[in-house]
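In what follows, a structure is listed as structure tokens, so that the remarks can point back to it.
Only a predicted model underlies this, so the values are computations on that prediction, with no experimental measurement involved. Numbering of residues begins at 1 and proceeds along the displayed sequence.
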Amino acid sequence: QTCALPISAAPMPTGSMILEGVVATCDASGSVHLAAMGPEVAEAACLGGAIESLVLKPFETSQTAANLARLPEGVFHLTDDCLLIARLVTGSLDAPPACRPAAEVRGWVLEEMCRAYEFRVVAADRSRERGRLEARVVKVHEGRPFVGFNRARHAVVEGAILVTRLHLLGAEEVARQLRDLRVLVEKTGGEREHEAFRLLEQRTR
């Protein structure tokens, strides 16, 4: 199961930033549910410090929100696999990637990740369209090393966010912005980046 990247609707608190990644929660049967999501983290944590907390903002109508309301714990993954993110937001992921049980929470850790943060929700505000879930990190997993920056991967992530805004921007505007991003993919991307971008373009059409 998949869901889309949330859309930032409010100003970011001072000293915070958003990290794009993948959140894994458990559905009612205990199976893994994946969602591309960008939680807020402390800015200092992204400058060499440890990430000790997350603020997740899933839409209240999403499966992720329902899962966390029933079982308020999960795993946030940092990954450079832009194809996975593209498959999540376009609903084209046939089956979840390989994963293993989490150590401290009831959840799942993706095998192919750069870093994973097991978390428990400690406070929740579900009074609006998008919830605000404050979570404490209880376990960190180190995965494969992050190779480095690539403009094509960043373009895919930006394109994925655009696709989640189709209902707000309209297909014509999203397609226009994707055309600008395509140049970066063509110049600097490999096969996975090209495949990911094709999925985004197909979803827009």
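- We find that R192 and D81 are joined by a salt bridge, their nearest charged nitrogen and carboxylate oxygen being less than 4.0 Å apart.
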Inset, instruction - Starting from the C-alpha separation in whole Å, work towards a yes-or-no answer on salt bridge (Lys or Arg N to Asp or Glu O under 4.0 Å) for E173 and R165. - result: CA-CA 10 Å; E173 175 61 19; R165 297 176 177 176; over 6 Å; no

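- Follow the hydrophobic side-chain contacts under 4.5 Å out from M17 and you reach L56 in the same cluster.
- No single ILVMFWY cluster, assembled from side-chain heavy atoms under 4.5 Å apart, contains both V157 and L83.
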Inset, instruction - Report the C-alpha separation of R198 and E195 in whole Å, then their side-chain angles, then the decisive distance to 0.1 Å, and conclude whether the salt bridge (Lys or Arg N to Asp or Glu O under 4.0 Å) test is met. - result: CA-CA 5 Å; R198 282 195 296 271; E195 181 180 350; 5.2 Å; no

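- When each of E142, H141, H77 is checked for a side chain to side chain donor-acceptor pair (under 3.5 Å) with R115, only E142 meets the rule.
- No side-chain donor from either of H194 and E186 sits under 3.5 Å from a side-chain acceptor of the other.
- At a threshold of 4.0 Å, the pair E112-R144 counts as salt-bridged, since one of the basic side-chain nitrogens sits closer than that to a carboxylate oxygen.
- Put simply, L166 and L162 are part of the same group of oily side chains (I, L, V, M, F, W, Y) that touch within less than 4.5 Å, one to the next.
- Partners of R120 by side chain to side chain donor-acceptor pair (under 3.5 Å), not counting sequence neighbours, listed by chain and number: E73.
- Although no hydrogens or angles enter the test, the distance criterion places no donor-acceptor pair under 3.5 Å between the side chain of T188 and the main chain of V185.
- Linking ILVMFWY side-chain heavy atoms closer than 4.5 Å, directly or via other members, places V121 and M37 in a single hydrophobic cluster.
- D125 meets the side chain to side chain donor-acceptor pair (under 3.5 Å) test with S127; sequence neighbours excluded.
- Checked by atom type and distance alone, the side chain of R106 never pairs as donor or acceptor with a backbone atom of T25 at under 3.5 Å.
- In this structure, R70 contributes its side chain and C26 its backbone to a donor-acceptor pair below 3.5 Å.
- Between the side chain of E118 and the main chain of V105, a donor-acceptor pair closer than 3.5 Å is present.
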Inset, instruction - With side-chain hydrogen bond (donor to acceptor under 3.5 Å, both in side chains) as the test, would you mind laying out the steps for S29 and S31 before giving the verdict? - result: CA-CA 6 Å; S29 69; S31 299; 3.1 Å; yes

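- Remark: E60 does not engage R128 in a salt bridge, criterion side-chain N to carboxylate O under 4.0 Å.
- Using modelled atom types, no side-chain atom of W108 and backbone atom of V75 make a donor-acceptor pair closer than 3.5 Å.
- A donor-acceptor pair shorter than 3.5 Å can be found between the side chains of S92 and T90.
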Legend entry - Verdict with supporting geometry, V163 and T204, side-chain contact (heavy atoms from CB on, under 4.5 Å): CA-CA 7 Å; V163 166; T204 303; 4.0 Å; yes

